[in-house]
Every structure is written in C-alpha cells, then in structure tokens.
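Report on one structure; see the data block that follows.
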Number of protein chains: 2
Amino acid sequence: MRVTYKEIKSDILAKIVKGEWAPGDLVPNEVDLAQSYNCARATVNRAMRELSEDGIVERRRKAGTRVRSSPLRKARFDIPLVRDEVEEKGETYRYALTGSVVEIAPPWLRGQLQLPEAGKVLYLSCMHYADDTPYGHEARWISLTALPAAETADFTEIGPNEWLVATVPFSEVEINLSAGLADRVLADCLECSPGDPVFTIERATWWKGQAVTYVRFSYPPGHRLTTRY
Amino acid sequence: MRVTYKEIKSDILAKIVKGEWAPGDLVPNEVDLAQSYNCARATVNRAMRELSEDGIVERRRKAGTRVRSSPLRKARFDIPLVRDEVEEKGETYRYALTGSVVEIAPPWLRGQLQLPEAGKVLYLSCMHYADDTPYGHEARWISLTALPAAETADFTEIGPNEWLVATVPFSEVEINLSAGLADRVLADCLECSPGDPVFTIERATWWKGQAVTYVRFSYPPGHRLTTRY
DNA sequence: TAGTGGTCTAGACCACAGG
DNA sequence: CTGTGGTCTAGACCACTAT
C-alpha cells in the first residue's frame with residue numbers, strides 16, 4: 001500500500017516518543033524523508049506541518065525542522081453548547097430563565113465590550129440543568145444597540161445562546177477562563193455554599209467590530225475542563 | 001497573482017461573517033469553488049479543511065460542506081512553560097524550591113496516575129515569581145519508579161518542569177482546568193487570603209504507558225487564561 | 001547565495017455515505 | 001450507484017533566512 005501522511009506522522013512521533021530523536025534535535029529535511037518513505041514530498045510536508053501545528057516540532061525555512069524542547073505548548077478544549085454538553089453525557093437537559101431586565105450597561109461591561117456610553121443592554125439570568133441538578137448559571141448581557149430585536153424575543157423557552165446562534169451569523173470572540181467565588185445569589189442557583197469556588201467561562205462577542213453580547217457562565221464546584229493528548 | 005488558500009479561506013469566512021452564507025447552509029463543492037476561484041482543487045481543499053478544523057464548517061463525504069450552526073466549538077489555549085510565560089511579559093522570572101520529600105504515593109495520586117501500590121514518589125513544592133511577586137505555586141509529584149534519577153537531582157536551581165523536559169523525551173498528557181480555594185499554606189505562598197479562589201491547572205504525564213509525573217499549578221486570584229478568534 | 005520549508009498545479013484514485 | 005471529500009503524486013516556483 002501507499003504511504004499515508006498519517007503513517008508518517010505517527011512514525012515520526014513514535015521516534016520522538018522513544019527518544020530516538022531528542023528535544024532540540026534536527027529532523028531530516030523533507031526531500032530526504034520523502035525518499036526514505038518512498039513517497040512524494042507533499043505527503044511528508046503534510047505530516048510535518050501537522051506535527052508543527054500540534055506543537056511537537058518547530059520548523060523554520062533554511063534552518064530545518066527541530067523537535068521542540070518543551071512539547072505541549074498548545075492545548076485544545078471544546079467549548080460546546082450547554083445543551084450538547086449535557087446531552088452527550090446521556091443526561092436530560094433543562095433550561096430556565098430566572099431573571100430579565102433592560103438596563104444601561106454598567107461601566108465594567110462597557111469596558112469589556114467597548115460599548116457606547118448610555119448604551120442599553122438586556123440582562124438575562126439563566127439556569128441550565130442536567131437531570132434536574134444544576135449544571136451551570138449563565139449571566140448574559142445582550143447589546144440592544146447591536147440587536148434591538150433581543151428586547152422583544154422570548155427567552156422563557158429558548159436559551160439566549162441558542163437564540164443568538166440562530167440570529168447572529170458569525171463573530172469575533174474572546175474567551176476567558178478563571179476561578180471565582182460563589183456569592184449568595186449564585187450559591188442559591190447552583191445549590192452550593194457561598195464562598196465555594198466556581199469555574200467561570202466568560203465570552204465576549206463582536207460582529208463587524210460591534211459588541212453583541214457578553215456572557216459569564218459559572219459551573220458548580222468540582223467542574224473541570226479536560227483535554228488529552 | 002495566483003490565488004492562495006489563505007485568500008480563499010478568508011474570503012469564505014467573510015461570506016459567513018456577512019451572513020451571505022448562513023448557519024446550516026450548504027457551501028458549493030470543491031470542484032465548483034476551484035472553478036470560480038480559478039485554481040486547483042487542492043487549494044480549495046486546504047482552505048476548507050482548515051475552516052473545518054477551526055470549527056467554522058462541517059464536512060461530510062457526499063453530503064457536502066455546511067456552515068456550522070454553532071461556531072466556536074473549539075478553543076485553543078497556550079499552556080506555556082512558566083519561565084516563558086513570565087519573560088514574554090517582559091518581567092523577571094524567579095524560581096524557588098520551598099519543599100522536597102520522598103514519600104509513598106498517596107491514594108488519590110495512585111488513582112490519578114495508575115501508580116503501583118507502595119510506589120515511591122518525590123514531592124516538590126515550588127514557587128514561581130514574576131518581578132518578585134508570586135506568579136504561581138507548583139505542587140509536583142515525580143514517580144521514582146519511572147524516574148529514579150529524580151531522587152538525586154538538584155531542584156534548587158532548576159525547576160522540575162525544565163528538568164523533566166530535558167530528561168523525558170515526550171509523553172502522553174492529560175490536562176485539567178478547574179477552580180479551587182486557597183488553603184492556609186497556599187495562601188501564604190501566593191500572598192493572598194485563605195478562601196481566595198485559585199485557578200488550577202493539573203497535568204498528568206505518562207511515557208510509554210507508565211506514569212511519570214503529576215503537577216498541580218495554582219495561580220493567584222484574578223489569573224485568567226485567554227484566547228481570541 | 002544556497003538550502004529549507006511553503007505553496008500551487010493538474011491529474012488521479014479511493015473511501016465513504018446519501019439517495 | 002454516484003457525488004463528495006480525502007489523499008497521493010511529480011513537478012514546479014517561490015519566500016525566507018542562515019551562513
């Protein structure tokens with residue numbers, strides 16, 4: 001059979017794992033590798049390019065390809081829709097709107113999103129449940145400057161996330177992961193104690209440079225974001 | 001000039017951003033796109049493949065390519081070496097070993113790493129500073145079964161991470177992000193208060209299926225892991 | 001300046017899954 | 001069965017940069 005780029009990739013990865021090619025070592029160039037694998041250079045190129053994207057090797061023109069001294073510079077995490085996240089675990093998803101108010105954007109939010117002064121926003125407080133146990137709390141702000149339609153939308157049945165996904169085409173995003181503390185309100189929502197640690201994902205979204213929405217999603221104590229290599 | 005795959009990629013992304021191609025829409029097939037861009041199919045393929053990897057579109061043989069209804073399923077975060085992380089901000093990096101002991105692996109660690117019973121581990125407690133303010137605390141366990149050399153290594157000058165990187169070729173890894181609370185000891189190290197929220201990155205590492213090391217890295221309150229699109 | 005990776009082409013065959 | 005993406009090839013030219 002012909003040699004595939006996947007075979008080359010895993011073969012080279014194996015050599016690195018075994019220590020045959022140590023961190024910092026120079027890897028043979030593409031022409032030589034193609035010859036030794038008896039395949040086209042493009043095939044080797046694809047394998048090496050992916051190893052480079054994975055952070056395993058480092059490539060520079062003329063200087064060649066080297067095994068990275070510190071592997072694993074990049075980790076990829078899935079940031080799924082809550083509904084999918086819950087349903088993929090085989091649990092039943094339930095959503096509830098717990099609060100809704102139109103307000104002038106508070107200063108911290110204006111700063112986060114670069115909103116115009118006195119811009120109005122719709123604030124929504126939502127809960128997500130998996131098998132009727134709290135899965136996470138969503139604090140959502142939607143810019144009514146960018147999306148006036150949000151003011152009249154009905155968020156009692158459909159969560160703001162799903163509504164937005166269906167309404168706004170695509171967007172620029174900034175994601176922040178951090179650790180916070182549950183205050184009394186959040187503790188009530190998540191059925192934990194005030195002062196418990198909550199894992200927080202914040203996401204700011206723009207569309208054509210204009211701020212659309214900001215969301216702070218808080219997971220109950222013990223939640224983990226995981227990835228493997 | 002010839003059409004590059006990057007141009008095609010950003011052109012298609014622009015169409016999605018503008019809403020010209022809405023979520024769920026079918027995108028023309030590769031042959032048609034190649035014709036309309038007046039380039040080879042391989043060039044279109046590369047553009048579409050990357051859009052697929054980025055989570056922008058979804059591709060299936062015979063079914064064709066569709067714009068994803070929920071963009072941003074994947075986020076990539078850099079998990080750098082602490083030294084690099086600090087120095088890239090233009091601050092001065094300092095490392096200190098604050099504790100070191102050889103012990104029998106506690107049960108929770110045995111569970112995490114699938115260690116043999118009564119396996120000995122080297123536990124190290126280290127601090128990392130940026131401009132002399134605490135940057136993070138590293139609780140490190142190294143399996144002496146896998147790496148007996150660690151017992152006699154000197155970790156007063158070189159951090160365990162850098163030592164390991166130079167010693168172990170490459171490895172399988174599991175990374176966990178979570179939120180925790182500072183206990184009294186950790187609070188002292190990080191110069192914060194007990195009960196403060198700490199952002200925690202845990203990393204378990206194997207080599208050829210054998211557990212090598214486990215590290216829990218705790219950042220002071222306020223630390224964020226960020227990524228943009 | 002020369003060596004290395006980056007990319008494009010034109011064509012081919014194949015694997016998969018929708019209808 | 002047939003359309004679609006997935007991959008490989010052999011060759012070419014180009015861009016970058018170490019020396």
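Reminder, nothing fancy here: chain letters follow the sequence lines and each chain counts from 1.
As judged by a 4.0 angstrom heavy-atom cut-off over every strand, V31(B) is placed among residues making no nucleic acid contact.
A close approach under 4.0 Å does occur between a side-chain nitrogen or oxygen of R60(B) and OP1 or OP2 of dG18(C). For dG5(C), one of the phosphate oxygens OP1 or OP2 lies less than 4.0 angstrom from a side-chain nitrogen or oxygen of T65(A).
Between W163(A) and F155(A), the two ring planes are perpendicular [angle over 60°; tilted spans 30° to 60°].
Counted by atom type alone, D131(A) and T133(A) present zero donor-acceptor pairs between their side chains at under 3.5 Å. Side-chain atoms of S178(B) and T200(B) include no donor-acceptor pair closer than 3.5 Å. No donor-acceptor contact under 3.5 angstrom links the side chains of Y129(B) and R94(B), judged on distance only. Side chains of R59(A) and S52(A): a donor-acceptor N/O pair is absent below 3.5 angstrom, by distance only.
Mapping heavy-atom proximity under 4.0 Å, the span of DNA chain D touched by chain A runs 5' to 3' from dT7(D) to dA18(D).
For K6(A) and dC14(C), the NZ to C1' distance is 14 Å, given to the nearest whole Å. Between R61(A) atom CZ and dT4(C) atom C1' the separation is 9 Å, expressed in whole Å. Between R59(B) atom CZ and dA15(C) atom P there is a gap of 19 Å when expressed in whole angstrom units.
Remark: C39(A), A40(A), R41(A), A42(A), T43(A), R46(A) in residues 38-52 of chain A come within less than 4.0 Å of DNA chain D through at least one heavy atom.
Of the two residues contacting DNA chain D, namely K62(A) and T4(A), the nearest-nucleotide position lying further toward the 5' end is that of T4(A).
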